[in-house]
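The chains referred to below are lettered A, B, ... by the order of the sequence lines, with proteins before strands, and numbering in each begins at 1. A quick note: this is a predicted structure, and the numbers were derived from the prediction, not measured.
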Protein chains: 2
Amino acid sequence: MREGKQEFAEWLASRKLRVTGERMAVLDEVMRANGHIDIDYLQEQFRKQKRPVSRATIYRTLSHLVQSGLVQKVLTGEGQARYEKMYGRQHHDHMICLGCGEIIEFTNDEIERLQDWVCHKKRFTIVTHTLQIKGFCEKCSAQKASVEGGATDHRRHGRN
Amino acid sequence: MREGKQEFAEWLASRKLRVTGERMAVLDEVMRANGHIDIDYLQEQFRKQKRPVSRATIYRTLSHLVQSGLVQKVLTGEGQARYEKMYGRQHHDHMICLGCGEIIEFTNDEIERLQDWVCHKKRFTIVTHTLQIKGFCEKCSAQKASVEGGATDHRRHGRN
DNA sequence: CTAATTGCAAAGGATTTGCAAAGTA
DNA sequence: TACTTTGCAAATCCTTTGCAATTAG
């Protein structure tokens, strides 16, 4: 039994939605992936498996998966959404490398606790939170340093 | 002298870009606003002021302002970018109300410190970070509670 | 005077939607 | 069978771009 299959089927049933081959195929593929995949990747997988699924259906199914809580949508900020499985995993935050695009996951209970505290003070009821740190991974930092030498552009404060 | 005018002019000059009426108008408008405005808002302001500026120019100028560090781009996650002035302001994070759309700003040095620490451990060089907490502001929480009574939907774990 | 900037409209890229054909319960 | 879902293509949405006319330095 593939991860989340049962859960997704139940979630669909609870909303009077049908369990179809396409939907389960999308679920399978997202669960099989290591995480942070995009629509192109999924479509490519289905094509390879000689089991093409239309873009529209992939979008529609991912939307259901996100609503069910089995999958999380991650917006990298450059216009492409990525998806990662959440089934059986704990919440975590992301570091996104501006050099190679790699996404590194991390967790820090203390940060979570402080968020709860800040929200409590403002009487804000938390539903979700997203913490993304952008910068350069170890590999890209080194590469960048060697290319630029000491001549760094100090004007650029890079907020985006 | 309007906030940031001098700084922006210098930044433009340093890149051999020209100081134009349109550019200064956009700067003025973003500085005048309380923050978190979008392109539509800006275009509307210019229209009202009988000083229309094309959408393309607004986009192009905001891009420069963001690069100069005078303005920050905030992606709310629903596909619309918002902008807020950073000139003379310290970095801060956001709570976004899912009920009324209000954006509440907050800062917490301890959270920042922990982020630095986590990145240091992973040898990740921070450029920027974004922490968005989504949920319901005090007003909307109260309203929601009274409408729903005790019947909350416990299936929805709402991560997006 | 020369290169940069503007506005317009067309182009792009990602996601959504209408609708007839195909499929699930 | 009755109601959903799928795939396709067209439609949206937001943002970017090419280009001729205009303007800053």
Handout entry: Intermediate values then yes/no, side chain to side chain contact (heavy atoms under 4.5 Å, CB included), B:Arg123 and A:Lys139
Key = CA-CA 9 Å; B:Arg123 305 203 168 286; A:Lys139 197 174 295 179; over 6 Å; no
Practice task
Could you state the atom-to-atom distance from CZ of B:Arg15 to C1' of C:dT5 in whole Å?
Solution key: 17 Å
Practice task
Give the rounded distance in Å between these two atoms: CG of B:Leu62 and C1' of D:dT16.
Solution key: 14 Å
Exercise for the section: Give the rounded distance in Å between these two atoms: CZ of B:Arg82 and P of D:dC14. Expected result: 12 Å
Problem - Short side-chain donor-acceptor distance under 3.5 Å, A:Gln80 and A:Thr76 - result: yes
Fill in the blank from the handout: Here the distance between atom P of C:dG7 and atom CZ of B:Arg47, to the nearest Å, is 16 Å
Practice task
Would you please confirm or rule out a distance under 4.0 Å between OP1 or OP2 of C:dT6 and any side-chain N or O of B:Thr20?
Solution key: yes
Handout entry: B:Glu22 CD - D:dT23 C1' separation (whole Å)
Key = 9 Å
Problem - Set of residues satisfying side-chain contact (heavy atoms from CB on, under 4.5 Å) with respect to B:His120, sequence neighbours excluded - result: B:Trp117
Handout entry: A:Gln115 side chain to A:His129 side chain, donor-acceptor N/O pair below 3.5 angstrom
Key = yes
Practice task
For B:Thr57 and for B:Lys16, find the nucleotide of DNA chain C with the closest heavy atom, then tell me which residue's nucleotide is more 5'.
Solution key: B:Lys16
Handout entry: Protein-to-nucleotide contact annotation, 5' to 3' order, nucleotides 11-16 of chain C [B base; S sugar-phosphate only; - none; under 4.0 Å, heavy atom]
Key = ---SBB
Problem - Polar contact flag, side-chain donor to acceptor under 3.5 angstrom, A:Glu84-A:His36 - result: yes
Completion exercise
Looking only at D:dG25, C:dT6, D:dG7, the nucleotide nearest the A:Ser54 side chain is D:dG7
Handout entry: Distance in angstrom units between B:Ile58 CD1 and D:dC14 P, rounded
Key = 14 Å
Problem - Side-chain donor-acceptor contact under 3.5 Å, A:Gln132 with B:Gln132 - result: no
Practice task
Calculate the interatomic distance between B:Met24 atom CE and C:dT5 atom P; express it in whole Å.
Solution key: 12 Å
Practice task
Indicate whether the side chain of A:Gln72 and that of A:Tyr83 have a donor and an acceptor atom separated by less than 3.5 Å.
Solution key: no
Practice task
Could you check which of D:dG7, C:dT6, D:dT5 has an atom nearest any side-chain atom of A:Leu17?
Solution key: D:dT5
Handout entry: Whole-Å distance separating the CZ atom of A:Arg23 from the C1' atom of D:dT4
Key = 8 Å
Completion exercise
Closest of D:dT4, D:dG25, C:dT6 to the B:Val19 side chain is D:dG25
